[in-house]
**Student:** 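Supplied in structure tokens, the structure appears directly below.
Labels below follow one simple rule: chain letters A, B, ... track the order of the sequence lines, proteins then strands, and each chain is numbered from 1.
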Amino acid sequence: MTVRVRIAPSPTGLLHVGNVRSALFNWLFARHHGGTFVLRIDDTDIERSEAKYEDDIKTGLAWLGLNWDEGVDAGGPHGTYRQSDRFNRYRQVAEQLVAGGHAYYDERTPEELDELRARAQREGKHPNVYIRRPAADATSGVVRFSVPQDAAVEFVDLVRDEMRFGQEVIDDFVILRSNGVPTYHLASTVDDVDYEITHVIRGEDLLPSTPKHILLTRAMEAEPAVYAHLPLLFGPDGKKLSKRHGDTSLKAYRRGGYLPEAMFNYLSLLGWSYDSETTIFSVEQAIERFDLAGVSKNPAVFDVDKLQWMNGEYVRAIEAADFTGRARPLIEAELGRPPTDDEWDTFVSVSTLIQERVKLMSEVGEMSRFLFVDEVSFDEPSWSKVMKGDAKVALAAALRRLSEVGDWTPASIEAGLRLVLDDTELNPRKGWQPLRVAVTGSQVSPPLFESMAAIGRAKTIARLQRALKRLERE
RNA sequence: GGCCCUGUCGUCCAGCGGUCUAGGACGCUGGCCUUUCAAGCCGGUAACGCGGGUUCGAAUCCCGUCGGGGCUGCCA
């Protein structure tokens, strides 16, 4: 049997990292088994679904490298893979279920239903036990699935093993709204059957819905898929990951300077492990080892600190040319225009030094700023911390010694600056930090000699003089 | 309230009856290196929720308890 899995996000908001993690596990499962990964858009909530969110989903998955073999845009034998294009099919199934006695029309009012729930509540029973087929047949309203009361629903979950839900706790859920629009339960189940999905791998929040889907599938006289419910992702407070915990959309991380490779690696570790020792591994390695049996049952807290560390690992690991390639748009953003050839050469001359220092790609622009501006704007905390005591002496000595430097290279600059220390009898910290602030604007920067070499002699001298002047005024 | 899932360092994972004085990673932290910051290297901190069983032996199996979470909608 060929494995066929799907990810079926709803385009009702930006793609959430929790869904991305589910997508990732589905993708790994498909790739590991040489199966098919399907992208379907579950847009039965016509009120909240928007095209821009579908775009965000596709962009996000593609960015992470989760290519889909079949589905929206990719095509395949099942149409558009958008549920809103299949409402007739779902209505047809609903009608068949009604005709077959598996479902019924229900025109009870919300108030009546509330009363039934309140009664169950009072008796300490499942809130929906009394929402069953009424004695009198209705011919309009919603369509409810009639849950067979003869047996419990049992199934084997690939992550959680044997599951059992008593029939009394499965309510007669709505499959078709009164306006003729199918609910998620119907549409999703019909699609899973029609698309011949073999494994449904999804978040644990849908575990209580699974018996409904199995019952529906059986009523359609089809074979239910194998289910696997993934642990949820939590925020730092131990609650389901949500907006309140900061960024939850993949887009925010994409924009925030995270590398897709790092995101992939990090997400794959939330609920799964490569082995007991390895933290950093490639996509190929993950595919080779991935196994649902190894998926944890416990929820995982999304730890941005660890993601950030991992991103730094990946940033440092990429080839220098790859780094400059990925950095180019960020330099453009910093300049507000494409860099000139000279500017680009300047950046490239120190790019490996910057690469070693950033955790996020988004830091590249700021860390490079001093390379391009005419005059640096001083980071005031840096200034006040460093520009005191013998700073004036150091700046003056540097100006003197640097004017004697022949070739403007890091090595000769270093030689000159070593003489500054001799002249002033200052240690490197006292003698050089003022120069760093003068030249880069901050006490944190790429190495000093290379930075001076990169911006050139003229700018270096001018910045030292400007700093000295300000110091003399103060 | 009802149903379901779940409980190893602060966090993510390893452990699937003895090799556990519980391992790796992030974080935090001490030190080294050092022109700043990173990186790197060496070291430290810190966990089997609790109570009963089963067993020669339990983090590993069973029961209970307490805790966390999810679902309970004409959202998905």
**Student:** Are A:Arg202 and B:A76 close enough that a side-chain N or O sits under 4.0 Å from OP1 or OP2?
**Tutor:** no
**Student:** With a non-hydrogen cut-off below 4.0 angstrom, is A:Leu448 in contact with a base, only sugar-phosphate, or nothing?
**Tutor:** base
**Student:** Rounded to the nearest angstrom, tell me the gap between atom CZ in A:Phe302 and atom C1' in B:C13.
**Tutor:**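 Distance check: A:Phe302 CZ to B:C13 C1' gives 16 Å.
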**Student:** Of all the nucleotides listed (B:A76, B:C37, B:C12), which has the minimum atom distance to the side chain of A:Ser209?
**Tutor:** B:A76
**Student:** Sort out for me which residue in A:Phe302, A:Phe281, A:Tyr253, A:Tyr258 forms a ring-ring contact (aromatic ring centres under 6.0 Å, His included) with A:Tyr266.
**Tutor:** A:Phe302
**Student:** Is there a side-chain polar atom (N or O) of A:Arg117 under 4.0 Å from OP1 or OP2 of B:G73?
**Tutor:** yes
**Student:** Measure CG/A:Asn427 against C1'/B:U34 and give the value in whole Å, please.
**Tutor:** 12 Å
**Student:** How far, in whole Å, is B:C48 from B:G67 if one measures between their C1' atoms?
**Tutor:** 15 Å
**Student:** Tell me what A:Glu277 touches on the nucleic acid: a base, only sugar-phosphate, or nothing, going by heavy atoms under 4.0 Å.
**Tutor:**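 Touches sugar-phosphate only.
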**Student:** If you measure from the C1' atom in B:G68 to the same atom in B:U54, how many Å do you get, rounded?
**Tutor:**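 After rounding to an integer number of Å, I get 28 Å for this pair.
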**Student:** Taking the nucleotide of RNA chain B with the nearest heavy atom to each, does A:Glu313 or A:Leu269 sit closer to the 5' end?
**Tutor:** A:Leu269
**Student:** Using heavy atoms to find the nearest nucleotide of RNA chain B for A:Asp275 and A:Arg108 separately, return the residue whose nucleotide is more 5′.
**Tutor:**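 This one resolves to A:Asp275.
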**Student:** Output yes when at least one side-chain N/O atom of A:Ser276 is less than 4.0 Å from OP1 or OP2 of B:G15, else no.
**Tutor:** no
**Student:** Please state whether the base of B:C5 and the side chain of A:Lys297 form at least one donor-acceptor pair under 3.5 Å?
**Tutor:** no
**Student:** Base, sugar-phosphate alone, or nothing: which one does A:Pro9 contact when heavy atoms must sit under 4.0 Å apart?
**Tutor:**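 Nothing, no heavy atom under 4.0 Å.
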**Student:** With distance as the sole criterion, do the side chain of A:Ser178 and the base of B:C74 form a donor-acceptor contact below 3.5 Å?
**Tutor:** yes
**Student:** Check whether more than 12 heavy atoms from other residues, nucleotides or ligands sit under 6.0 Å from atom CG of A:Asp114, and answer yes or no.
**Tutor:**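 More than 12 within 6.0 Å, yes.
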**Student:** Could you please name the partner base of B:G64, counting Watson-Crick and G-U wobble pairs only when both distances are under 3.5 Å?
**Tutor:** B:C50
**Student:** Closer than 4.0 Å, any side-chain N/O of A:Trp309 to the OP1 or OP2 of B:C26?
**Tutor:** yes
**Student:** So, does A:Thr44 get its side chain near the phosphate of B:A76, meaning an N or O under 4.0 Å from OP1 or OP2?
**Tutor:** yes
**Student:** How is A:Gly294 classified with respect to the nucleic acid when contacts are heavy atoms under 4.0 Å: base, sugar-phosphate, or nothing?
**Tutor:**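 Contact class for A:Gly294: sugar-phosphate only.
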**Student:** Quickly work out the A:Met310 CE to B:A39 C1' distance and round it to whole Å.
**Tutor:** 17 Å
**Student:** Counting the atoms with a prime plus P, OP1 and OP2 as sugar-phosphate, which does A:Val301 contact under 4.0 Å by heavy atoms, base, sugar-phosphate, or nothing?
**Tutor:**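 A:Val301: backbone/sugar contact only, no base atoms under 4.0 Å.
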**Student:** Between B:U45 and B:A25, how many Å separate the two P atoms, rounded to a whole number?
**Tutor:** 15 Å
**Student:** Considering only atom C1', compute the distance from B:C5 to B:A46 and round it to an integer number of Å.
**Tutor:**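 Looking at atom C1' only, B:C5 and B:A46 are 28 Å apart.
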**Student:** The side chain of A:Arg316 lies closest to which of these nucleotides: B:C13, B:A25, B:A39?
**Tutor:**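 Nucleotide nearest to A:Arg316's side chain: B:A39.
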**Student:** Going by an N to O cut-off under 4.0 Å, is there a salt bridge joining A:Arg122 and A:Glu115?
**Tutor:**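 Looking at A:Arg122 and A:Glu115, the cut-off is met.
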**Student:** Within a radius of less than 6.0 Å around CD of A:Glu404, do more than 12 heavy atoms belonging to other residues, nucleotides or ligands occur?
**Tutor:** yes
**Student:** Taking the six-membered ring for Trp, are A:Tyr90 and A:Phe87 parallel (under 30°), tilted (30 to 60°) or perpendicular (over 60°)?
**Tutor:**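 A:Tyr90 and A:Phe87: tilted rings.
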**Student:** Could you let me know what B:C3 is paired to, Watson-Crick or G-U wobble, both distances under 3.5 Å, or none if it's on its own?
**Tutor:** B:G70
**Student:** Taking atom types as modelled and ignoring hydrogens, do the side chains of A:Gln433 and A:Arg436 form a donor-acceptor contact shorter than 3.5 angstrom?
**Tutor:**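 Distance-only check passes for A:Gln433 and A:Arg436.
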**Student:** Taking the side chain of A:Val174 as heavy atoms from C-beta outward, which of B:G10, B:C71, B:C74 is closest to it?
**Tutor:**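 Of the options given, the side chain of A:Val174 lies nearest B:C74.
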**Student:** Send over the distance from A:Leu206 CG to B:G70 C1', rounded to a whole Å.
**Tutor:**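 To the nearest whole Å, that distance equals 10 Å.
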**Student:** Scan A:Pro127 against the nucleic acid and name what it touches under 4.0 Å (heavy atoms): base, sugar-phosphate only, or nothing.
**Tutor:** base
**Student:** May I ask you to say what A:Phe165 touches in the nucleic acid, namely base, sugar-phosphate or nothing, with a heavy-atom cut-off under 4.0 Å?
**Tutor:**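 Answer is sugar-phosphate: A:Phe165 comes under 4.0 Å of backbone atoms only.
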**Student:** Expressed in whole Å, how much space separates the P atoms belonging to B:A59 and B:C9?
**Tutor:** 15 Å
**Student:** Between B:A14, B:G1, B:U36, spot the one nearest the side chain of A:Arg436, thanks.
**Tutor:** B:U36
**Student:** Is it the case that A:Thr80 and A:Asp85 place a side-chain donor and acceptor less than 3.5 Å from each other?
**Tutor:**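 A:Asp85 and A:Thr80 do have a side-chain donor-acceptor pair below 3.5 Å.
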**Student:** When you measure only distances, ignoring hydrogens and angles, does the side chain of A:Arg429 come within 3.5 Å of the base of B:U35 through a donor and an acceptor?
**Tutor:** no
**Student:** Rounding to an integer number of angstrom, what distance separates B:C28 and B:A47 when you compare their C1' atoms?
**Tutor:** 16 Å
**Student:** Is it the case that B:C5 (base atoms only) and A:Arg160 (side chain only) share a donor and an acceptor within less than 3.5 Å, ignoring hydrogens and angles?
**Tutor:** no
**Student:** Under 4.0 angstrom, heavy atoms only, what part of the nucleic acid is A:Val444 near: base, sugar-phosphate, or nothing?
**Tutor:**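 Counting heavy atoms under 4.0 Å across all strands, the contact made by A:Val444 includes a base.
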**Student:** Does A:Asn19 place a side-chain N or O at less than 4.0 Å from the phosphate oxygens OP1/OP2 of B:A76?
**Tutor:** no
**Student:** According to the Watson-Crick and G-U wobble definitions, with both distances under 3.5 Å, which nucleotide is paired to B:C41?
**Tutor:** B:G31
**Student:** To the nearest Å, how far apart are A:Leu207 CG and B:C71 P?
**Tutor:** 11 Å
**Student:** Between B:C5 atom C1' and A:Glu162 atom CD, what is the distance in whole Å?
**Tutor:**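 Atom CD in A:Glu162 sits about 15 Å away from atom C1' in B:C5.
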**Student:** Strictly by Watson-Crick or wobble contacts shorter than 3.5 Å, is anything paired with B:U11, and which nucleotide is it?
**Tutor:**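 Because both required distances fall under 3.5 Å, B:U11 counts as paired with B:A25.
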**Student:** May I ask you to say what A:Gly271 touches in the nucleic acid, namely base, sugar-phosphate or nothing, with a heavy-atom cut-off under 4.0 Å?
**Tutor:** sugar-phosphate
**Student:** We want to know whether A:Arg48 and A:Ser10 form a side-chain donor-acceptor pair, criterion being a heavy-atom distance below 3.5 angstrom.
**Tutor:**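 No donor-acceptor contact under 3.5 Å links the two side chains.
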**Student:** Check whether any side-chain nitrogen or oxygen of A:Asn298 sits under 4.0 Å from OP1 or OP2 of B:G7, and answer yes or no.
**Tutor:**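 Yes, because at least one side-chain N or O of A:Asn298 sits under 4.0 Å from OP1 or OP2 of B:G7.
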**Student:** With rounding to the closest Å, how many angstrom separate the P atoms on B:U8 and B:G69?
**Tutor:**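 It works out to 14 Å between them.
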**Student:** Pairing check on B:U55: which nucleotide meets the Watson-Crick or G-U wobble criteria with it, both distances under 3.5 Å?
**Tutor:**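 Base-paired to nothing in any strand shown.
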**Student:** Identify the nucleotide, in any strand shown, that forms a Watson-Crick or G-U wobble pair with B:U19, with both distances under 3.5 Å; if there is none, say none.
**Tutor:**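 With both distances under 3.5 Å required, B:U19 matches none.
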**Student:** If you look at every strand shown and take non-hydrogen atoms under 4.0 Å, does A:Ser445 touch a base, only sugar-phosphate, or nothing?
**Tutor:**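 If one applies the 4.0 Å heavy-atom cut-off, A:Ser445 turns out to touch a base.
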**Student:** Using 30° and 60° as the class limits, which term best fits the ring planes of A:Phe155 and A:Phe165: parallel, tilted or perpendicular?
**Tutor:** parallel
**Student:** Taking N and O atoms by type only, does the side chain of A:Arg418 place a donor or acceptor under 3.5 Å from a partner on the base of B:U35?
**Tutor:**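 Side chain to base: no pair below 3.5 Å.
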**Student:** Looking at A:Glu54 and A:Lys58, does any basic side-chain N land under 4.0 Å from a carboxylate oxygen?
**Tutor:**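 Yes, charged N to carboxylate O under 4.0 Å.
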**Student:** Taking only the C1' atom of each, what is the distance from B:U29 to B:G10 in whole angstrom?
**Tutor:** 14 Å
**Student:** Using atom OH of A:Tyr184 as one end and atom C1' of B:C71 as the other, report the distance to the nearest whole Å.
**Tutor:** 13 Å
**Student:** Taking CD from A:Glu204 and C1' from B:C71, how many angstroms apart are they, rounded to a whole number?
**Tutor:** 10 Å
